[in-house]
Colleague: 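Supplied in structure tokens, the structure appears directly below.
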Amino acid sequence: MELNQSPPRLNLTLLFFFLLLSSLQATTDTNICIVGSGIAGSSLAHFIKHFTCTDPQNPNPGSCSWIDDIRIFERRAVPGGRMATVTIAGDTFEAGGSIIHPKNFHALRFASMLNLSHSPESDEESDSWFGIWDGSRFVFKTLQPPPSWSSFVVKKIYSLLNSLLLFRRYGFSLIRMNGFVQGMLDRFLLYYKGFEARPVFETVDEMLKWSGLYDLTRRTLGEELIDAGLSSHLISELVTVVTRINYGQSVSISGLAGAVSLAGSDSGLWSVDGGNWKLAAGLINYSGAKLHLNEEINSISHEGVHYVLNSSKGNSYKCEVTVIATPLDELSIAFTPSISLPNRRLHHTYTTFVRGLLNFEYFGFKHASEIPALIGTLEVPDVPFSSISILKKYDEEDMTYKMFSRGPADDSLLDQLFSVRKETVRIDWPAYPHFKAPEVFAPILLDDRHLYYINSFENAASTIETSAVAAENVARLIISRLEKLASGSPTIKIPASNDEILHLDL
Ligand SMILES: Cc1cc2nc3c(=O)[nH]c(=O)nc-3n(C[C@H](O)[C@H](O)[C@H](O)COP(=O)(O)OP(=O)(O)OC[C@H]3O[C@@H](n4cnc5c(N)ncnc54)[C@H](O)[C@@H]3O)c2cc1C
């Protein structure tokens, strides 16, 4: 008789301990759900662990205060989002976010922490061989580089001659343009300051006003550059070429997005060997977050003390904190209660990869070897592409190219542009915001509880680094708001200073 009764007693005891444990956990631990595994979502997971775990490299619940569980949902089969690669005839190339600035200190630190090797984006000489195409002729071309086996002196003379050519065409405006970009970079560097000197921001407007970058979002790049003393010649040619390559848009984008885009033509740009997506994959792994691939979040509703996330796999997840780490402009996640966002649209960049050979006759040459390695274009109505660049040269008649355009590149267009086409890959990227001045920013806090939106910062500028900077702020915001709610706050490990990352050996 007794024997028969003992199992239920044991079960009740177990149940009691289980309930006690889970109630303790509910009051002391927080779980965070992140929608999107790009650099925003992955770096958020990293920063949360970095700021709350005594041993971020071993982020088990015991070594982390509060945050016991981070889940990242990704609708695609691989992490990284707009940091993605494409494979053409066995070679892998960046398809989305490809170049990282030497002063992008979060990305640099991530690469070094994750032991990811990185290389200059491309060979400096061939990079500086560019032409500006107006739809019927090249209005400007730099010199064709000397052969790669040329001496150091020959290469130096080549680069000097190119600088002279540029100076002859655009004069001192070039120096003023560099000053404009440097001014933006100096302000951006403030986001790496130590926590004691840098507040946590609840809105994008606050964040930009604090660094002095807000005013640049009020006016167009064109207006800002005229005020900075640049000639209209430089703005309508070189600056236009750069904004069309980097954001697919004209100089009517906001001054801040434009300055960031111009910084993308600086020297020293780099990318992670094998693909920048490795930054996201590495950060997720390092943070110990659970990654749910092929699982799209369809709805998010606030119920009681939780958000309930329903996924395409029919699963429901209860999350105390939910973070949106993807632009919401073209998504159809159903929010209950509904959220309010400015009505925005993304700029689509059609990216076409071709292995083959450009048609030299289309560009008015006698031989393909005369075509510059990078063709930029002016803001004129009939140019069917924004840029074409050589990604890899196998021999004089066989290359892989990347072409950006504002519309899809159909076969008839490609057959005009290319005389040989062995392989073609097309990607329609919902690429970045359609920047306009004055910018209106979506909220970071989507409700008065714990629903956060990292990509509200993307309307300031859209880059790998700006997503990481925005994610770091959201990580601090989550921690500080949870801390305010908690009674008898556990210690949150927030480094006294972030300044060490400014002293990385570049
Ligand atoms: C063609 C192109 C070129 C670029 N060039 C550069 C460059 O050279 N340098 C640079 O710094 N930046 C560049 N950028 C911009 C840069 O890539 C982006 O700003 C940055 O990668 C954005 O990262 P993110 O994490 O904020 O968003 P994303 O990378 O877009 O990540 C969002 C993720 O969320 C996922 N997702 C969306 N909805 C759901 C859902 N409902 N459920 C689950 N998952 C969901 C998406 O699949 C995606 O993986 C470029 C972008 C493009 C498109």
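Order of listing sets the numbers, starting from 1, for every ligand and every atom in it.
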Colleague: Indicate yes or no: does an N/O atom of Ala95 lie under 3.5 Å from an N/O atom of ligand 1?
Modeller: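 By distance alone, the answer is no.
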
Colleague: Between Tyr170 and Met177, is the side chain to side chain contact (heavy atoms under 4.5 Å, CB included) condition met? List the steps.
Modeller: CA-CA 10 Å; Tyr170 302 115; Met177 182 174 81; over 6 Å; no

Colleague: Report yes if some N/O of Thr349 lies less than 3.5 Å from some N/O of ligand 1; otherwise report no.
Modeller: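 Looking only at distances, the answer is no, because the N/O contact criterion of under 3.5 Å is not met.
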
Colleague: In terms of side-chain heavy atoms, does Ser311 have a donor or acceptor partner in Tyr317 at a distance below 3.5 Å?
Modeller: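 No.
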
Colleague: Examine ligand 1 and decide if any of its atoms is less than 4.0 Å from a heavy atom belonging to Glu465.
Modeller: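 Under 4.0 Å: no for Glu465.
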
Colleague: Just heavy atoms, cut-off under 4.0 Å: does Leu331 contact ligand 1 by side chain, backbone, both, or neither?
Modeller: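 It is the side chain that touches ligand 1; the backbone stays farther off.
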
Colleague: Would you mind checking which non-hydrogen protein atom is closest to atom 3 (C) of ligand 1, with the distance to 0.1 Å?
Modeller: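 Of every protein heavy atom, Gly96 O, 3.2 Å lies nearest to atom 3 (C) of ligand 1.
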
Colleague: With a 4.0 Å cut-off on heavy atoms, is Ala470 touching ligand 1?
Modeller: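 So Ala470 does not count as touching ligand 1.
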
Colleague: Under 6.0 Å from the ring centre and within 45 degrees of the ring axis: does the NZ or CZ of Arg476 meet both conditions for the six-membered ring of Phe195?
Modeller: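 Ring-cation test returns yes.
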
Colleague: Please step through side chain to side chain contact (heavy atoms under 4.5 Å, CB included) for the pair Phe93 and Lys392, ending with a clear verdict.
Modeller: CA-CA 9 Å; Phe93 303 100; Lys392 186 162 180 177; 4.0 Å; yes

Colleague: How far is atom 14 (N) of ligand 1 from the closest protein heavy atom, and which atom is that?
Modeller: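 In this structure, atom 14 (N) of ligand 1 has Gly97 CA, 3.7 Å as its nearest protein heavy atom.
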
Colleague: Looking only at heavy atoms of Glu295, does any of them come nearer than 4.0 Å to an atom of ligand 1?
Modeller: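 A heavy atom of Glu295 does come that close to ligand 1.
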
Colleague: Do Tyr247 and Ser462 have a side chain donor and acceptor closer than 3.5 Å?
Modeller: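 On atom types as modelled, these side chains do not qualify, holding no pair under 3.5 Å.
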
Colleague: Give the intermediate values and the outcome of side chain to side chain contact (heavy atoms under 4.5 Å, CB included) for residues Leu309 and Phe73.
Modeller: CA-CA 10 Å; Leu309 274 61; Phe73 298 95; 4.1 Å; yes

